Each structure stands twice: as C-alpha cells, then as structure tokens.
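Atoms within each ligand, like the ligands themselves, are counted from 1 in listed order. Side chains are part of it too, since the values below use all heavy atoms of this structure and drop only hydrogens, waters and symmetry mates. If you're wondering where the values come from, they're calculated on a predicted model, not measured in any experiment.
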Amino acid sequence: MQNVLVAGGAGFIGSHLCTSLINEGFFVFCLDNLISGDEKNLKDLPTQNFQYIRKDITKDFGDEFRNLEIDYIFHLASPASPNKKSPKSYISHPIETLLVNSQGTYNLLHIAVNKKAKFLFSSSSEIYGDPTESPQKEEYRGNVSPNGPRSVYDESKRFGEAITMAFHRKYGLDSRIIRIFNTYGPNMQPDDGRVVSNFINQAISNKPITVYGDGSQTRSFCYISDMIDGIKRAMFTEDTNGEVVNLGNPDEKTILELANLIKEITRSNSNVVFEDLPEDDPKKRKPDISKAKRILDWEPKVPLSEGLEKTIKYLREI
Ligand code: UDP
C-alpha cells in the first residue's frame with residue numbers, strides 16, 4: 001500500500017481529497033492545525049487506512065514519519081478566505097498564512113526530498129492578483145500588491161511556487177503546482193465569509209444578501225468533485241513533473257448574477273443589499289484551462305446550478 005500525506009487534510013478541499021485517496025486504496029496521513037480546517041470534516045471518513053495528526057507544519061515535525069515510506073505529498077494547508085469579518089480568514093491570520101505557505105512548504109519539501117516522494121503545491125488564482133488579462137493563462141505573471149491586505153496570501157502563494165520550483169531545479173524533486181480557482185461544495189466552512197456560503201446562508205434564512213461593491217466583479221466557480229478529480233490528475237498523470245496548471249471552472253459569473261441565482265434556487269425572499277467593496281478585490285477571475293485539458297485531459301463537468309443545489313442541501317442540514 002502506498003502512503004500519502006495530505007497537509008491541510010481537515011480543510012474543505014483537503015478532506016474531500018483524503019476521502020477520495022482512501023477510497024482508491026492509499027493510506028492517508030492527514031495533517032492539520034485546524035486554523036481554518038475542522039475535525040467535523042473528517043467525521044465521515046473511513047477509519048481504516050487513515051490517520052489524523054493535529055500538527056502545525058510550520059513548526060518542527062516529521063519525526064512521526066521517520067520510519068515510514070511516503071510516496072506522495074499534497075500541500076493544501078492554508079487559510080483561503082479573504083473575508084476580514086471571518087475569524088477563519090487569512091486576513092485574521094496574516095502571519096500564520098505567510099508562514100504556512102513559506103516555512104510550511106519548505107518543511108514539506110524537505111520531507112519530499114528525503115522520502116523521494118512526489119510533491120504537489122496548491123497555489124491559487126490569487127497569484128494573478130487583480131488581473132489585467134482575462135481569462136488568466138499560466139504564463140500571465142499577475143498584478144499583485146506586495147503589501148496590501150491580500151498580500152499575505154498572494155505573496156506567500158507566490159513564494160510557495162518559487163520554493164517548489166527551486167527544489168525541483170536544485171534536487172530534481174518530482175513536483176507540480178496547481179492554481180486553484182474559486183471552489184465550492186459540501187464541507188466548505190459555513191462561517192468563513194466566502195461568497196457562496198455567505199449568499200446561501202443569507203438566502204436560506206431570508207436575511208439580506210450582501211453584495212460587495214456593485215456586484216459587477218466576476219468569479220468562476222468550480223464544484224468540489226471536479227476539483228478533486230483535477231488535483232489527483234495533476235499528481236498522478238505521467239509527465240506533470242515541473243508543471244504549473246490552472247484548475248477551475250471557466251464559467252464566469254458576476255457576483256450579482258450569483259446572488260440572483262442563489263435567490264432563485266432557494267426561493268428566498270431576501271433582498272440584495274450593497275456593501276463596500278473590500279480593498280484590492282479582484283475585478284475579474286476566469287481560468288484559461290486549455291493546459292489542464294491538454295496535459296491532464298481534465299475539464300469540469302458539474303454545472304453551477306447543480307453544484308449549488310448540493311451545496312444548499314449541505315448548508316441547510318448543518
Ligand atoms: N463577496 C460579496 N459578498 C459576500 C462575500 C463576498 O459580494 O458576502 C464578493 C467578494 O467581494 C468578491 C467575491 O464575492 O468579489 C468572491 O469573494 P470570496 O471571499 O468568496 O473569494 P475571492 O474570490 O475574493 O478570494
């Protein structure tokens with residue numbers, strides 16, 4: 001049996017990835033310090049072939065793996081919400097966010113070299129900042145503020161990419177970088193202030209739906225099962241060593257369109273209210289996924305309305 005380490009395994013994407021890998025016959029070690037992850041996400045996981053270790057990967061660790069083979073390392077550990085009102089956002093954890101994507105990545109890369117494990121770093125569409133090109137291709141270098149409120153996330157993801165490539169070039173580490181665009185679905189944190197969970201929670205409780213700015217900014221939303229499929233392909237497809245690839249759904253929507261769609265599906269009586277746009281909020285975001293199609297034979301399959309139905313069901317039940 002092959003061993004996999006998933007850093008950030010109690011998070012939204014991480015917990016789905018753990019489940020999927022266990023079901024495919026791997027033994028999964030899940031590392032998480034629960035800054036933005038939640039043990040509740042692990043409650044339905046198979047108990048066999050799974051070990052959860054509460055751990056901060058920015059601190060000394062690795063001893064627990066001394067006598068073990070590790071075949072694959074997925075680094076998904078990081079807060080990812082920019083919402084300053086949420087205690088789980090990277091704005092609320094600026095230093096931890098900087099460190100998990102820098103020191104944490106460095107620590108995992110060392111383990112990968114020692115174990116000769118294959119490595120995947122989850123970067124983000126945020127490395128494109130407020131893009132001046134749309135859709136965003138992997139070659140686009142971005143438009144990022146080096147010191148604005150979002151910089152703790154954007155710049156540390158950029159650093160994470162740089163150090164991953166440095167290990168690849170210097171030590172020949174078998175590694176790849178994925179850039180995850182907005183992703184949603186069951187297990188997303190109900191209270192991390194991101195747009196899909198906020199709008200659904202507001203709609204199902206008939207509270208005002210809070211659109212920031214005039215709602216003309218765009219995002220492109222990928223359902224979680226499509227994202228997990230893409231992440232596994234990025235790791236397990238031949239010839240992905242050293243590659244950087246966008247993963248996301250190119251179906252672009254304005255935030256106002258999203259608000260109205262969620263209102264319609266939930267048959268909500270909520271009004272849309274407009275609030276201040278957060279500083280440095282990107283105006284456009286849409287992945288160019290031609291590279292993922294070409295090298296991974298991957299593209300999202302779940303339409304937004306169908307994914308939203310499932311997410312609404314999840315958020316209604318918890
Ligand atoms: N947003 C909004 N209302 C909310 C939460 C978010 O209008 O209650 C907007 C936010 O300003 C941004 C978009 O929705 O333009 C996506 O925000 P999210 O926090 O989900 O993630 P981002 O894509 O900005 O990282």
Keeping to residues at least two apart or across chains, list the side-chain hydrogen bond (donor to acceptor under 3.5 Å, both in side chains) pairs with something in residues 298-318.
Lys313-Glu317

Would you say OH of Tyr106 has more than 12 non-hydrogen atoms from neighbouring residues, nucleotides or ligands within 6.0 angstrom?
no

Could you check, using the six-membered ring where one of them is a Trp, whether Phe236 and Tyr72 have ring centers closer than 6.0 angstrom?
yes

Could you work out, with ring-ring contact (aromatic ring centres under 6.0 Å, His included) as the rule, every residue matching Tyr223, not counting sequence neighbours?
Tyr184

Please name all residues satisfying side chain to side chain donor-acceptor pair (under 3.5 Å) with Glu279, sequence neighbours left out, ordered by chain then number.
none

Cluster check Ile295, Phe119: I/L/V/M/F/W/Y, side chain < 4.5 angstrom
no

For ligand 1, would you mind listing the residues that have at least one heavy atom less than 4.0 Å away, ordered by chain and number?
Pro82, Glu126, Arg150, Asn182, Gly193, Arg194, Val195, Asn198, Phe199, Thr210, Val211, Tyr212, Gln217, Arg219, Ile255, Pro278, Asp281, Arg285

